[in-house]
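Treat the numbers as computed from the prediction; the structure is a model and nothing was measured. Each chain gets a letter, A, B and so on, in the order the sequences are listed, and its residues count up from 1.
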Amino acid sequence: MKIECTINGEKRKLETEGSTPLLWVLRDELGLKGTKFGCGKAACGACTVHVNGTAIRSCSYPIQAAQQAEIRTIEGLGNESALHAVQQAWQEEIVPQCGYCQPGFMMAAAALIDRIPDPTDEDIDQNITNICRCGTYYRMRKAIHRAVAIQQHQKETASENSTL
Amino acid sequence: MKRRKFLVGSAIGVGVILGSGYLSRKVWRRYLAGVANTIDLPYLKPAPPHLWFEIKANNEIILHCPKVEMGQGAFTGLAQIAADELDVRVDQMQVVHATTDTDNIDEFSTGGSTSISSLWQPLRELAATMREMLKNEAAKQHNLPIKDLSTSEGMIRHGEQQLTYGEIAASVETWTVPKTPPLKDPKSYQWVGKPIPRVDLLEKVTGSPIYGMDAEMPDMLFGAIARPDKVDAELGTVDTAEADKMPGVVKIVQEKDFVGVIAHSYTEAENAKNALNITWKTNRAWQSSDILEMIQVGKGSPQEIQKEGRADRLLDSSSEGLMQAEYSSPIGAHAQLEPNGAVAYVEKDKATVIISTQVVKLTRSEVAKRLGMKKEQVNIIPSFLGGGFGRRLHTPHAAEIAVLSRAVGRPVKCFYNRQEEFQNDTFRPPTHHVLKAKLSDNKEIIALEHHVSSGDVMFGSPLFPGIAEHILGADLGAWRGGMIQYSGIPNHRAVSWRVKLPFATSWWRSLGLLANTFAIESFMDELAHRAGKDPVAFRLAHINDSEAGLRLKAVIQAAAEKAKWGQALEEGHAMGFACSTDVNTPVAQVAEISISNDKIKVHKVTCAIDPGLVINPDQVRAQCEGAIIMGMSAAMFEEMEVVDNSLQPIIYGPYRMAQMRDAPKEIDVVLLENAQTPGAVGEPPLGPIGAAIANAVFALTGQRLRSMPLQPA
């Protein structure tokens, strides 16, 4: 079937089987390999992306459900020269070890702080349910708090600049 | 070096051992176990420096790293080590995986916590030699006296004159390798010891396609190989009629030992594979109860691995005041996030495989053998691993995927789905332990004995020749961490009981360390309480002042002090203590826990580790944090069951693992450096955590949990 959607700000017209999971369209048809396959059953969160601003697990999300949707992947979260606050925090806390699950976590974390701008540890524990085998949770929790601080600082700088 | 020589150069040894009678064989095997317990596996066969360091004209220096980066930070630590002797900045270097074509692949594996320790000496020598080679060339090319040349930050300087390494290297056709120059005093190193950020950090926060799963080749097809949903299963009949008709199918490949389909996309290949009608031949319907019955101290074949004094006689069953307890641990899965797979392209006279592997050389020889090619015709390109943990120490799928590629003459990408990955894992074997001890009148341990029954870890691994079983008698992976480290106990003994299980068990990060330490350190806690002594003081009192003993005591004291052991805690909280020594790296941990609704909550873990010289303190901390959480996960939640011949569960969630909500709010790592050279880091901190938590449960509730996963009643 024909699917029209926006991926990382770019309008896309796709021709594909409607039941194909979004994950495989992203990875194998569009070459966006930052979104990872972990389990195919929405159990681990390695494939987390944003659909209309909400974190979803793309391995179990048929592409037909993304008709006219705004999709954001790790590649659209930030880039090397302009990292998203979450990526910057991840970098400053030196979170990744093997790194495979990290894009999914960063996408989940970015969606969380959009929804809950200053999450408590409890909020983080309840809402971030992805799986990391290297056990980087401890640094991730710190990084999420740091991302909030970075975002706050960015907002303040932006408003200072606008008043100037 | 010695251990490997024992194993590989075994032909003479075996004759001597088998011919010399049971008693001396027993002693000899125990001696070997002692050697294997403390010897680091060294790096063998260093290729010449210019195969390690590729120097680009733009002065970028590429380190072709024989160790695979699986999260342990090898790329970063090795870059730091090389930078100091090569006289370059780490940010001038790029680290890439050595491929079989660059000729400095690891002869053995990436594993055993040896990435840094085994390369510490050879890599510094290689870097220093490379630096001298560049100086020699500069002197030759520019007719300068070599003694007047100095090097720093990738530049060769002569008075005011400066030349980049890149300029010099650009016009070299054949390198001359001089004698290894003297190394610098490690105290003068600028990079070693610094907590610099990981060199792969930016790639990993931006989602770069660096893993085996991300690899592609032009004109690539997708494969799917049918995997059994039963243990101990062989391929029986295969009916491909349905699968043939599935959309996108290019070819179905049937071999004696496997069947795979090739299609245009991943989903098409998966769907077609699911349409295959296959019967699997199995011998019997195994259940967990069968496995539990097999894994029992007293069954299987025993091998004494440690003996000091006469513990066996002092601890016989009629002995007065004998204390005895049994412990157990379950089957564990690797559960690494990136499934196993590869992209392979087999052409007429060569094959290329991009793969997440911990054993580049073994992967190559298996692919070559299956294809009937020479090893030199097969190039293995290792990628970053989405988790290793021992799961990638055997990669038979590489050869299978190569066969699929050959069948269609195009590159084929194929990987396990998650259920297949769990079902076909090479599991951490279940264990059973019997601990016995006797206290003296003044409440000191007179004798302590540990028996461990385990499935295989090292035995059966293609990394070691089968003959190793006959030489060693006991599986050094299974008994890892199973020796008594309390040198002050006059009589102590450890025995490893080998059991062959009907499913594959193998290397799992830290091998037997987690289970063996859980058993021994829980029992030490029981003894301390029986003796009416403080568990920390009790441990310290049973360690003598040998070099290893002093290092162990130092981490025990450091952890206790940092955790404020003995302080009054919040109501409902308690602390537990445990320690272990793994490949010469002692670790002590204090866990602070509470229990609500029969669930343990770990609030804080304090960890003191002495890995010797620390190359990157931040990454040592990261490894400790990760090992603690992975160990907690295994000790508190994880468990595979055998149900009607299947390993269950086969998906995350039902296979319960630690998540964000389970991670301690605080992990406090103390680094000690009581050795001159870097030692093991990746696995040792997995040792104490299970026992530290169980001992905290006892302190809180008086309930002694003797089996993992830990479930308070």
Side-chain angles (χ1 to χ4, degrees), chain A residues 17 19-21 24 27-29 31-41 43-46 73-75 77-80 83 86-88 90-92 94-106 121-122 124-141, chain B residues 69-73 197-198 200-211 213-214 216 222 265-267 334-339 384-389 415 417-419 618-619 622-623 625-633 651-654 657-667:
Chain A
E17 189 73 37
S19 62
T20 306
W24 301 113
R27 284 182 60 84
D28 290 338
E29 291 182 34
L32 296 168
K33 299 253 194 276
T35 307
K36 303 301 183 194
F37 171 80
C39 70
K41 296 283 179 195
C44 73
T73 71
I74 186 74
E75 290 88 351
L77 191 65
N79 57 50
E80 288 197 11
L83 294 177
V86 165
Q87 290 170 303
Q88 193 184 326
W90 244 246
Q91 198 179 35
E92 289 172 10
I94 318 181
V95 174
Q97 290 187 24
C98 91
Y100 189 82
C101 69
Q102 302 286 331
F105 271 100
M106 286 184 277
D121 280 351
E122 182 74 359
I124 294 169
D125 288 357
Q126 292 302 317
N127 286 284
I128 305 293
T129 55
N130 298 17
I131 289 173
C132 168
R133 188 44 148 174
C134 299
T136 64
Y137 302 113
Y138 174 63
R139 288 192 184 196
M140 285 199 262
R141 205 191 276 128
Chain B
E69 179 54 68
M70 52 188 180
Q72 84 281 41
R198 298 178 63 103
D200 52 8
L201 192 52
L202 191 60
E203 287 160 294
K204 288 182 175 176
V205 300
T206 53
S208 297
I210 53 177
Y211 305 95
M213 270 294 284
D214 302 332
E216 283 189 351
F222 289 82
S265 75
Y266 167 74
T267 37
H334 286 92
Q336 83 293 343
L337 263 288
E338 183 200 13
F384 281 82
L385 309 192
F389 313 115
F415 45 89
N417 67 30
R418 180 53 54 186
Q419 295 87 331
D618 177 71
Q619 283 306 301
Q623 285 300 294
E625 293 161 9
I628 285 165
I629 290 172
M630 185 169 176
M632 272 179 54
S633 184
I651 192 73
Y652 296 118
M657 290 160 67
Q659 286 175 283
M660 189 72 90
R661 65 176 190 269
D662 305 303
K665 290 284 185 291
E666 216 179 322
I667 300 179

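Between chain B and the residues Gly31(A), Pro103(A), Cys44(A), the most heavy-atom pairs under 4.5 angstrom are made by Cys44(A). With respect to chain A, the highest number of heavy-atom pairs below 4.5 Å among Gln336(B), Met657(B), Lys665(B) belongs to Lys665(B). Interface summary for chain A: among Gly386(B), Ser265(B), Pro209(B), Pro654(B), the most heavy-atom pairs under 4.5 angstrom belong to Gly386(B). Heavy-atom pairs under 4.5 Å with chain A were tallied for His334(B), Glu203(B), Gln619(B); the largest tally goes to His334(B). Put simply, of Arg141(A), Gln87(A), Glu29(A), the one with the most heavy-atom pairs under 4.5 Å next to chain B is Arg141(A). The greatest number of non-hydrogen atom pairs below 4.5 Å with chain A, out of Met630(B), Glu625(B), Met632(B), is found for Glu625(B). Considering only heavy-atom pairs separated by less than 4.5 Å from chain B, the leading option among Glu75(A), Gln88(A), Arg27(A), Glu122(A) is Arg27(A). Of the residues considered (Leu32(A), Thr129(A), Thr20(A)), Thr129(A) shows the highest number of contacts with chain B, using heavy-atom pairs under 4.5 Å. In terms of non-hydrogen atom pairs under 4.5 Å with chain A, the most contact-rich of Glu666(B), Glu69(B), Met213(B), Gln72(B) is Met213(B). If you tally non-hydrogen atom pairs under 4.5 Å between each of Asp662(B), Ile210(B), Asp618(B) and chain A, the highest count goes to Asp618(B).
Using a 4.5 Å heavy-atom threshold, the side chains of Cys132(A) and Leu337(B) count as separate. Gln126(A) has its side chain out of reach of Arg661(B): every pair of non-hydrogen atoms, C-beta onward, lies at least 4.5 Å apart. In this structure, the side chains of Arg133(A) and Ser633(B) come closer than 4.5 Å at one or more pairs of heavy atoms. When side chains are defined from C-beta on, Val205(B) does not count as touching Gln102(A), because their heavy atoms never get closer than 4.5 Å. Put simply, the side chain of Gln97(A) reaches to within 4.5 Å of the side chain of Gln623(B), judged on heavy atoms. Using a 4.5 Å heavy-atom threshold, the side chains of Lys36(A) and Asp214(B) count as touching. Inter-residue side-chain proximity for Gln659(B) and Ile128(A) is flagged as unmet; no heavy-atom pair is nearer than 4.5 Å.
Ring geometry for Tyr211(B) versus Tyr100(A): interplanar angle over 60°, hence perpendicular rather than tilted (30 to 60°).
How far CD of Gln91(A) is from CZ of Arg198(B): 12.5 Å, rounded to the nearest 0.5 Å. The CZ atom of Phe37(A) sits 11.0 Å away from the CD atom of Glu338(B) when rounded to the nearest 0.5 Å. Between the OG1 atom of Thr206(B) and the CD1 atom of Ile74(A) there is a distance of 7.5 Å, given to the nearest 0.5 Å. We find the CZ-CD1 distance between Arg139(A) and Ile629(B) to be 10.5 Å, quoted to the nearest 0.5 Å. Taking NZ of Lys41(A) as the start and CZ of Arg418(B) as the end, the distance is 13.0 Å to the nearest 0.5 Å. Distance check: Met660(B) CE to Ile131(A) CD1 gives 12.0 Å after rounding to the nearest 0.5 Å.
For chain A, the nearby part of Met70(B) is the backbone; its heavy atoms alone come within less than 4.5 Å. Interface remark: Leu77(A) contributes no atoms to any contact with chain B (heavy atom separation under 4.5 Å). Only the side chain of Trp24(A) comes within less than 4.5 Å of a heavy atom in chain B; its backbone stays farther off. Contacts between Ser208(B) and chain A at a heavy-atom distance below 4.5 Å involve the backbone alone (N, CA, C, O). For Asn127(A), no part lies near chain B; criterion is any non-hydrogen pair under 4.5 Å. The part of Glu216(B) that comes within reach of chain A is its side chain, from C-beta onward, which places non-hydrogen atoms under 4.5 angstrom from that chain. Residue Gln419(B) touches chain A through its side chain alone, counting heavy-atom pairs closer than 4.5 Å.
Looking at every heavy atom in both residues, Leu385(B) comes nearest to Cys98(A) through O-CB, 3.4 Å. Between Cys39(A) and Tyr652(B), the closest heavy-atom pair is CB-CD1, 3.8 Å. Smallest separation of non-hydrogen atoms from Tyr138(A) and Pro664(B): CD1-O, 3.6 Å. Asp28(A) approaches Tyr266(B) most closely through the heavy-atom pair OD2-CB, 4.0 Å. Heavy atoms only, all atoms of each residue included: Pro197(B) and Ile94(A) are closest at CA-CD1, 3.7 Å.
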Next on the checklist: Between Glu17(A) and Thr267(B), is the side chain to side chain contact (heavy atoms under 4.5 Å, CB included) condition met? List the steps.
Outcome noted: CA-CA 10 Å; Glu17(A) 189 73 37; Thr267(B) 37; over 6 Å; no

